[in-house]
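Here is the structure we will look at, set down as structure tokens.
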There are 2 protein chains.
Amino acid sequence: MSTAKRQTQQRTAIVTAIEGTDCTFTPQEVLGHAQRACPGLGIATVYRSIRELVEQGCIQRVVVAGSAPRYERTNVTHHHHFHCESCGAVTPLEGCSLKENYRLPSGFRASSHDVIFTGTCPKCADSEA
Amino acid sequence: MSTAKRQTQQRTAIVTAIEGTDCTFTPQEVLGHAQRACPGLGIATVYRSIRELVEQGCIQRVVVAGSAPRYERTNVTHHHHFHCESCGAVTPLEGCSLKENYRLPSGFRASSHDVIFTGTCPKCADSEA
DNA sequence: CTTTGATTGATAATCTATTATCACTTGATA
DNA sequence: TATCAAGTGATAATAGATTATCAATCAAAG
């Protein structure tokens, strides 16, 4: 996963941070992780790299509930998401929960689909109990 | 569906406009429809009424792709959405396309779920051809 | 019909995400 | 190593959605 012509500490740190995520991420989260390897890193550079990676098709924007816009690597297997209303975490759910034989009404052509479950994650369910 | 104490032309027009939608709507769309019955209507009043209706549980916020935030009546039968990348329209899809026997990993408790198909709607597919 | 506080419209303000600007820094090449 | 355009950080600017403000209006009650 390369972002552009020059290899800079910043880009390396950003790409490494993104590759380290297990699911979706926000620009702010990337900033936080990448700053460990690259302390002075600024948010503008994160946005620049994210835009490049989107243009390259390495990552894509995904929409999860009312939270801030998120991105996700495209080189991951098909999966869906669980959004915890309590802690805000977005967790990947393996596999696809759609009916195998589901068909859209005639005329509709879907290039992709998303399934988002909303509720309470195990961690928050425990702390509530 | 009432919104508050006084019955005003504005609230009536807004509620009527919302009841007339077949699926999701944005504040701007409500403004446009309600202004037919109530010409001077301002966007602030639409936002005020929408907030009241959300607090009353009559409508809820839904998230559809990268489009502006949308709302939807809660008194509709369970369904999902198709988002046309070409024209931006959001169309309701009857029924539920999830596997009947689908179970979340242990520990997760979902209070709701959303399925969003993205692609081309019949209208746009026709005009492309 | 008068009163009065709820409601409204216009618009300024706010909030958050994202982009543009620009002087300074630095990777890659000669 | 010297050069120089790509890249960067700080921050101002932008954009869009939503909320706050406030004087004017109006529904409802007497």
Side-chain angles (χ1 to χ4, degrees), chain A residues 1-18 21 24-56 58-72 83 88 90, chain B residues 1-18 21 24-56 58-72 83 88 90:
Chain A
M1 197 188 277
S2 71
T3 54
K5 300 160 192 175
R6 287 191 191 170
Q7 181 171 347
T8 64
Q9 286 198 320
Q10 288 85 345
R11 282 184 179 139
T12 302
I14 290 167
V15 168
T16 302
I18 289 177
T21 61
T24 69
F25 55 87
T26 63
Q28 286 296 334
E29 288 167 2
V30 171
L31 179 67
H33 288 137
Q35 278 183 333
R36 290 187 215 154
C38 190
L41 183 65
I43 188 65
T45 299
V46 173
Y47 274 106
R48 277 189 281 252
S49 291
I50 284 181
R51 198 185 342 168
E52 288 171 359
L53 290 165
V54 169
E55 283 166 5
Q56 292 169 25
C58 298
I59 64 177
Q60 64 187 162
R61 217 174 158 151
V62 296
V63 174
V64 178
S67 73
R70 291 183 160 269
Y71 295 84
E72 185 171 52
H83 180 227
V90 176
Chain B
M1 198 188 275
S2 71
T3 55
K5 300 160 192 174
R6 288 194 191 169
Q7 182 172 346
T8 64
Q9 285 198 321
Q10 288 86 344
R11 282 186 178 135
T12 302
I14 290 167
V15 168
T16 302
I18 288 176
T21 60
T24 69
F25 56 87
T26 63
Q28 286 297 335
E29 289 167 2
V30 171
L31 179 66
H33 288 138
Q35 277 182 334
R36 290 187 214 153
C38 189
L41 183 64
I43 187 68
T45 299
V46 174
Y47 274 106
R48 276 190 281 252
S49 289
I50 285 180
R51 198 182 345 167
E52 287 172 358
L53 290 166
V54 168
E55 283 166 6
Q56 291 170 24
C58 299
I59 64 176
Q60 64 188 162
R61 218 174 155 150
V62 296
V63 175
V64 179
S67 73
R70 292 183 158 268
Y71 296 83
E72 184 171 51
H83 180 227
V90 177

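Order of the sequence lines fixes the chain letters, A, B, ..., with proteins taken first and strands second; residue numbering starts at 1 for each chain.
- Applying the side-chain contact (heavy atoms from CB on, under 4.5 Å) test between B:Y71 and each of B:T24, B:T21, B:I59, B:V30 identifies B:I59 as the sole match.
- For C:dG27, its base never sits under 3.5 Å from the side chain of A:R11 at any donor and acceptor pair.
- The side chain of B:L41 approaches C:dG9 more closely than any other nucleotide in the set C:dG27, C:dG9, D:dG9.
- The phosphate of D:dT18 (OP1 or OP2) has a side-chain N or O of B:R61 nearer than 4.0 angstrom.
- Out of D:dT8, D:dA17, C:dA10, the shortest distance to the side chain of B:P69 is found at D:dA17.
- Side-chain contact between B:Q10 and B:S49 is absent, with no heavy atoms from C-beta onward closer than 4.5 Å.
- Distance from the side chain of B:R48 is smallest to C:dG9 among C:dG9, D:dA10, D:dT18.
- Rounding to whole angstrom units, CD1 of residue A:I50 and C1' of D:dT8 are separated by 16 Å.
- Remark: P of D:dT8 and CD of A:Q35 are 14 Å apart, rounded to the nearest angstrom.
- Between B:L31 atom CG and D:dT18 atom C1' there is a gap of 14 Å when expressed in whole angstrom units.
- For B:Q9, the CD atom sits in a loose shell: 12 or fewer heavy atoms of surrounding residues, nucleotides or ligands are nearer than 6.0 Å.
- The CD-P distance, from B:Q7 to D:dT25, rounds to 22 Å in whole Å.
- Note on A:Q10: every side-chain N or O is 4.0 Å or more away from OP1 and OP2 of D:dG7.
- Comparing B:Y71 and B:Q9 along DNA chain D, the residue whose closest nucleotide (by nearest heavy atom) sits nearer the 5' end is B:Y71.
- A pairwise comparison of heavy atoms in A:V46 and A:P27 identifies CG1-O, 3.6 Å as the closest pair.
- Of all non-hydrogen atoms in A:Q35 and A:L41, the two that sit nearest each other are NE2-O, 2.9 Å.
- We find that CD of A:Q28 is positioned 9 Å from P of C:dT18, with the value rounded to whole Å.
- The two residues A:R11 and A:E52 make their nearest non-hydrogen contact at NH2-OE2, 3.2 Å.
- The nucleotide whose nearest atom lies closest to any side-chain atom of A:T8 is, among C:dG27, C:dT18, D:dT18, C:dG27.
- Place B:Y47 and A:I43 on DNA chain D by their nearest nucleotides, and A:I43 ends up nearer the 5' end.
- The rotation axes computed at either terminus of the helix from C:dC1-D:dG30 to C:dA30-D:dT1 lie 30° apart, taking five pairs at each end and rounding to 10 degrees.
- For B:A17 against B:A34, the heavy-atom pair with the smallest separation is CB-N, 4.0 Å.
- Residue side chain B:R6 does not reach the base of D:dA28 through any donor-acceptor N/O pair under 3.5 Å, judged by distance alone.
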